[in-house]
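Proteins get letters first, then strands, A, B, ... in listed order; numbering begins at 1 in each. As the structure is a computational prediction, the values presented were derived from the model and not from experiment.
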Amino acid sequence: MTTALLHHAALALRLNFRSRQAIVYGYLVPLFFLLAFGSVFRASEPPLLGQMGQLLTITILGGACFGLPTGLVAERERGVWRHFRLTPVPLPALLAGTLAARVVIVALAAAMQVALAHWIYGTPWPAHSWQLAAAFLLVCAAFLGLGLVVAALARDVPAVQAIGQCLFLPMIMIGGVGVPLVVLPEWAQRLACFMPGRYAVEVLQPCFNHPYGLRHAGLSLLMLVVIGAAAALAGGRLFQWDTGQRLRPRDFGWVGAAFAGWMVAGGVAVSAGHIGPVTLVGDAAFADIDDAAVSRITFEDLPPDDGIYAPLAPAHSTRRLTPRIQELIRHLDTWAPARTDDIGQNVRNLLCVAAIADIGQELSEADIARAVFERLRVQFDEDQLRRALAWVVLQPGAGTVVIAAPELGLRGEMSPAIVRERSTWYAKKFLGRLVGTIPDTPPDPD
Amino acid sequence: MTAVCVRDLGKRYGDLVALREVSFEVTHGEIVGLLGPNGAGKTSTLECLLGLRTPDSGTIAIEGHDAVAHPAHVQGRIGAVLQTTALQDAITPREALRLFASLHGQPRTRADALLDEFSLRDKAREPFATLSGGQRQRLALALAFIPTPRVLVLDEPTAGLDPAARRDLHERIRRRRDEGCAVLLSTHDMAEAQHLCDRIVIIDGGRIIAMGTPDELLARAGAPARIRLRARPAPTPADLAALAGARACTAVDDALVIHTIDCGDTLAALARHLAQHGHAILEMHVTAPSLEDAFLHLTGKSFGPEATKR
Ligand SMILES: Nc1ncnc2c1ncn2[C@@H]1O[C@H](COP(=O)(O)OP(=O)(O)OP(=O)(O)O)[C@@H](O)[C@H]1O
Ligand SMILES: [Mg+2]
């Protein structure tokens, strides 16, 4: 029977590629979305990378809302499934074959989008391809169940279009799939919690550009499982192999069950405060940095300690500190930005002090950097500090940065990007000393 | 064990009673024809049997398996041609046959052999959408012959076939019967039923109105044979109607048609009568009674679309 099912799935795939309509909907429309997104987001850095989750979600959604049910309803109308009924192979198995073929059809479209984005716009390849594959399958599973519900509700092929649009358009417009969640008003973000599209984006996107991939997408993964399981169960129960079959009143209970999955997910999300857009870049907190991540950091190509960039005074320097530096050090003990609730952010803010001094070409920039290092060691325990520094190194774009500190007597307002760069160098220099990879320079002879 | 046993089958579509108390059997090694005009309930009966429709009452057993309660048990046990077979536009006959062969657990060589047997070889790679009606029907038939079950259900199998294809199909069906297969087919072609079937079930308006071998049906219906005669000088119809076995005699154009229930007796008497009275025979035809006459006799209406009016 397995070979029969493979045969069936392979043939379904072949027939799909012979249908002009299927090619237009399955491949031309995704291509169009890619180009449309490309023309809007090509200037973002890196180009289009932050939109790939949305793009793939649109493709899967299209395959589920239109591709799958159109094919199923057309075959049902012709009586193909009545003929299947007469074979010894159970219909659920054949349906599974049809779904598998659809996953392949959609996967090819998604692969096409990823590859074309790379070649046309220079979008980097996904950072976590295996996780992407897994997330992709999960999203497919969740959405194809919906496609089955659409097929059950639609009496004929035109009805598939109508019903499919009822699912597709809201998710594109206000569900965080087409129009990004960030630019949506709060009410729409809230509404988007009750639609599966945003969770799909939230599990696909980090596979492209999040340093930790799916590690922080647990809630969204769970939502997709709930939504997908409800839809698949309902879609399976409602499957009709003959146009003569009509939905009975109790069948609408199953339709309700499919959408109950959305409600449950929305309720959980809202009560968990999972409403606004999740910052998808560099979102891993410092607490998630483990020893393995720390050990992967390398300390080559750091600027020398006595150079122009990110200089660092030797430990136990006997050089006399100017009163202004002594004042600054005293002030650092109680400096508010280093006293927030967030340890990682506190460390980052302190590093910014060294960075601002460095960029501002302070005369005693090296001493200030050393003072910051001392302050860090006093204020945080070693394990925390190691992980917080690693966090800054691994996720230079995460959190916020301080770009001016007049209260510490430092002049000027610096560019955030440069502050982040220098903070990272200092973080590396400090971390290297903390873990013993970089020997702390002996006291200055004079 | 009977191959197909249908008892008191009832089926309604809303207010329309499509089948009532339909009961019949088919044993292995016989061809049974379900004969009836359009809308008689043939397709309804056959599709209930195939598990494609659910009857409202009655029982159906296929080789002892309850087809109503456990349609899955009979799946794959019956080779079937449905009245309408439409496959995907883009599928080719070869692909369809290979797919269904693998679904039935048959080797691909069987699919390819059927392509030849149903003369579909030159259309093997053409999409279904471009096949003619008869070619589609041949493909549907080929699909039905993929499995080798001991029950065949064919809904109007010869519809749309040219005479040669029809003859081939009859031959093939007979061969299957001789191998011990039970064949149940529907048709509204009287001649086909009479010529092909071992037994006939006549159905009209959802009920069985007669059942038996073609000969039995003719005898039971008492349908007359017709003798058409032209002679000079013309005999009087009244004289001819009085001949042994004759029931009636009517003048049609310049000929006389004698209706008789005993053709042999009537012909002998007619020969004597003509000789005695010096009539010269110009032309004479004997038409054996047909199922059509039987149907007319049984239902009191002619066999055609108007017969479906209720
Ligand atoms: N799905 C249906 N819904 C409603 N009425 C139906 C349905 N199928 C059949 N009927 C009605 O039931 C009656 C029997 O139909 P059926 O198709 O069994 O006839 P048939 O003997 O196969 O006719 P034909 O020779 O035209 O194929 C007809 O009056 C038909 O209109
Ligand atoms: Mg019919």
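- Under a cut-off of 6.0 angstrom, the local environment of CZ in B/R207 is sparse, with at most 12 non-hydrogen atoms contributed by other residues, nucleotides or ligands.
- Crowding of B/E21 atom CD: a count of heavy atoms from other residues, nucleotides or ligands under 6.0 Å not exceeding 12.
- Counting heavy-atom pairs closer than 4.5 Å to chain A, the top residue among B/D89, B/V74, B/L50 is B/D89.
- Within a 6.0 Å sphere centred on CZ of B/R172, heavy atoms belonging to other residues, nucleotides or ligands number more than 12.
- For CZ of A/R18, the number of neighbouring non-hydrogen atoms (other residues, nucleotides, ligands) closer than 6.0 Å is greater than 12.
- For A/F17, the CZ atom is densely surrounded, since the number of other residues' heavy atoms within 6.0 Å is greater than 12.
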Derivation of the side chain to side chain contact (heavy atoms under 4.5 Å, CB included) call for A/L11 and B/R98: CA-CA 10 Å; A/L11 183 60; B/R98 286 186 177 176; over 6 Å; no

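- With a threshold of 4.5 angstrom between heavy atoms, A/L94 approaches chain B through side-chain atoms but not through N, CA, C or O.
- More than 12 heavy atoms of other residues, nucleotides or ligands sit less than 6.0 Å from atom CZ of A/F259.
- In this structure a side-chain-to-backbone donor-acceptor pair under 3.5 Å is present from A/R85 to B/G51.
- Heavy-atom neighbours of B/R125 CZ from other residues, nucleotides or ligands within 6.0 Å: at or below the threshold of 12.
- Within the 4.5 angstrom heavy-atom criterion, atoms from both the backbone and the side chain of A/T87 approach chain B.
- With respect to the salt-bridge test (charged N to carboxylate O, under 4.0 angstrom), the residues B/R53 and A/D242 do not qualify.
- Contact record, A/L15 with B/E95: CD2-OE1, 4.1 Å, taken as the closest heavy-atom pair.
- Comparing A/R14, A/H83, A/E77, A/E75 by how many heavy-atom pairs each has under 4.5 Å with chain B, the most go to A/H83.
- Annotation: side chain of A/R82 is in contact with side chain of B/E47 (closest heavy-atom distance under 4.5 Å).
- The minimum heavy-atom distance linking B/L99 with A/F84 is given by the pair CD2-CE2, 4.0 Å.
- To the nearest 0.5 Å, atoms NE2 (B/H104) and CG (A/L86) are separated by 7.5 Å.
- Residue A/P88 comes nearest to B/L103 through the heavy atom pair CD-O, 3.6 Å, listed as atom of the first residue, atom of the second, then distance.
- The heavy-atom pair separating B/L87 from A/R78 by the smallest distance is O-NH1, 2.6 Å.
- Across B/S102 and A/A4, no two heavy atoms sit closer than the pair O-CB, 3.2 Å.
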